[in-house]
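Contents: one structure, followed by commentary.
Below, each value reflects all heavy atoms present in this structure, side chains not excepted, and no hydrogens, waters or symmetry copies. For the single chain, residues carry numbers from 1 onward in sequence order.
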Amino acid sequence: MKVINLHQEEKELIELAVENNRHAQHKIYSKFSPKMLSVCRQYIKDLHQAEDVMITAFMKVFTNLNKFKHEGSFEGWIRRIMINECISFLRVHKKVKFIEEEDYLEETFNNIESQFSVDDIQILIDNLPYGYKMVFNLYAIEGYKHQEIAELLTISEGTSKSQLSHARKALQDNINKLKNYENGTE
């Protein structure tokens with residue numbers, strides 16, 4: 001039995017894709033596109049627009065593949081390109097507006113109870129204003145720090161914290177409304 005090093009296989013696939021091998025590029029696209037569409041969908045409400053952004057981002061992935069240094073997760077590298085492309089799309093379409101606020105409330109956000117489906121949670125996040133949604137996704141889902149978010153979005157760190165606080169409050173309010181609706185108390 002021959003043992004195949006998966007990392008080595010991925011490295012060879014990337015090297016072939018750098019040389020414009022269409023089969024290798026298709027394998028990379030097929031492997032990562034479902035996850036990356038999910039990433040784009042977190043930021044962009046409309047599925048068709050999210051798909052368009054993902055395809056554009058994959059073009060950037062393949063164009064810049066020679067810049068990947070194999071010093072970390074290839075998936076993470078692709079994910080960062082997807083996120084940046086989503087942010088660019090939202091900026092170009094003027095969907096994001098940040099209100100410069102330095103005041104924010106540091107709140108603990110209770111975990112959403114298991115009674116809600118992933119679709120319910122995604123709908124709640126989708127209904128946030130784009131600024132709140134973007135900061136929430138970057139912080140809570142992607143794990144960025146406020147300083148990184150501020151640099152990425154060219155806002156102040158205080159604005160990032162404020163947007164997150166507002167997003168959490170809006171989510172909590174909508175969760176409570178949904179609970180009340182489901183319990184028949186509203």
Side-chain angles (χ1 to χ4, degrees), residues 14 18 28-29 32-110 112 118 121-175:
I14 293 167
V18 166
I28 290 171
Y29 180 84
F32 293 106
S33 62
K35 282 184 183 177
M36 295 308 129
L37 180 57
S38 178
V39 169
C40 293
R41 180 57 191 81
Q42 288 173 342
Y43 293 87
I44 300 168
K45 190 175 186 175
D46 182 86
L47 179 61
H48 298 293
Q49 288 178 334
E51 287 174 340
D52 289 346
V53 169
M54 180 196 68
I55 290 167
T56 301
F58 264 111
M59 291 302 296
K60 289 184 179 183
V61 165
F62 293 126
T63 302
N64 294 295
L65 206 49
N66 61 332
K67 295 178 183 172
F68 179 67
K69 302 296 181 205
H70 304 279
E71 296 174 348
S73 163
F74 182 53
E75 182 178 329
W77 184 78
I78 293 173
R79 186 180 194 98
R80 184 171 284 268
I81 292 171
M82 294 292 156
I83 292 168
N84 287 335
E85 193 61 29
C86 288
I87 291 169
S88 294
F89 172 84
L90 293 170
R91 278 191 176 141
V92 165
H93 290 86
K94 309 228 185 291
K95 294 187 182 254
V96 181
K97 292 181 182 148
F98 295 104
I99 299 168
E100 290 291 328
E101 290 185 43
E102 294 297 325
D103 297 330
Y104 66 93
L105 299 171
E106 190 66 44
E107 301 173 14
T108 58
F109 190 62
N110 298 329
I112 297 176
V118 172
I121 295 166
Q122 186 62 56
I123 289 168
L124 291 171
I125 293 171
D126 281 343
N127 288 325
L128 291 173
Y130 279 103
Y132 294 3
K133 179 179 176 179
M134 193 177 306
V135 172
F136 180 82
N137 282 333
L138 289 169
Y139 185 86
I141 296 171
E142 303 298 336
Y144 283 65
K145 306 234 180 297
H146 285 294
Q147 181 180 358
E148 296 170 311
I149 295 168
E151 290 172 12
L152 188 62
L153 301 178
T154 60
I155 58 176
S156 73
E157 200 171 325
T159 298
S160 176
K161 291 176 181 179
S162 173
Q163 296 288 302
L164 178 63
S165 177
H166 290 303
R168 286 177 166 170
K169 177 156 181 20
L171 282 172
Q172 191 64 58
D173 290 347
N174 289 333
I175 288 167

Flag the pair [X] / [Y] as yes when at least one side-chain heavy-atom distance between them is below 4.5 Å, and no otherwise.
| X | Y | answer |
| --- | --- | --- |
| Ile28 | Phe62 | yes |
| Ile14 | His70 | yes |
| Glu75 | Met36 | yes |
| Leu37 | Leu47 | yes |
| Leu164 | His146 | yes |
| Met82 | Phe58 | yes |
| Lys45 | Asn127 | yes |
| Glu142 | Gln42 | yes |

For the student: nearest non-hydrogen atoms of [X] and [Y], plus distance:
| X | Y | result |
| --- | --- | --- |
| Met54 | Ser33 | SD-O, 3.4 Å |
| Leu152 | Arg91 | O-NH2, 3.4 Å |
| Asn66 | Thr63 | OD1-O, 3.7 Å |
| Ser73 | Phe68 | O-CE1, 4.0 Å |
| Ser160 | Val135 | O-CG1, 3.3 Å |
| Phe89 | Ile44 | CD2-CD1, 3.6 Å |

Problem set entry | Worked check of side-chain contact (heavy atoms from CB on, under 4.5 Å) between Phe136 and Gln163 | CA-CA 8 Å; Phe136 180 82; Gln163 296 288 302; over 6 Å; no

Exercise. When you look at Leu138 and Tyr43, which way does the side-chain contact (heavy atoms from CB on, under 4.5 Å) test go after all the steps?
Worked result: CA-CA 9 Å; Leu138 289 169; Tyr43 293 87; 3.3 Å; yes

For this session: Dump the intermediate steps for side-chain contact (heavy atoms from CB on, under 4.5 Å) on Asp126 and Arg41, then the final yes or no.
Result: CA-CA 9 Å; Asp126 281 343; Arg41 180 57 191 81; 2.5 Å; yes

For this session: Evaluate the criterion side-chain contact (heavy atoms from CB on, under 4.5 Å) for residue pair Tyr139 and Lys161; output intermediate values, then yes/no.
Result: CA-CA 9 Å; Tyr139 185 86; Lys161 291 176 181 179; over 6 Å; no

Interatomic spacing from [atom1] in [X] to [atom2] in [Y] - rounded to 0.5 Å:
| X | Y | atom1 | atom2 | answer |
| --- | --- | --- | --- | --- |
| Ile55 | Tyr29 | CD1 | OH | 4.5 Å |
| Ile87 | Leu153 | CD1 | CG | 5.0 Å |
| Gln49 | Asp52 | CD | CG | 7.5 Å |
| Ile83 | Asn137 | CD1 | CG | 8.5 Å |
| Lys133 | Cys86 | NZ | SG | 9.5 Å |
| Ile121 | Leu171 | CD1 | CG | 9.5 Å |

For this session: Determine yes or no for a side-chain-to-main-chain donor-acceptor pair under 3.5 angstrom, with Asn64 supplying the side chain and Lys67 the backbone.
Result: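 Such a contact is absent between Asn64 side chain and Lys67 backbone.
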
Exercise. Take atom CZ in Arg79; do more than 12 heavy atoms of anything else shown fall under 6.0 Å from it?
Worked result: yes

Exercise. What orientation do Phe32 and Phe74 show, parallel under 30°, tilted 30 to 60°, or perpendicular over 60°?
Worked result: perpendicular

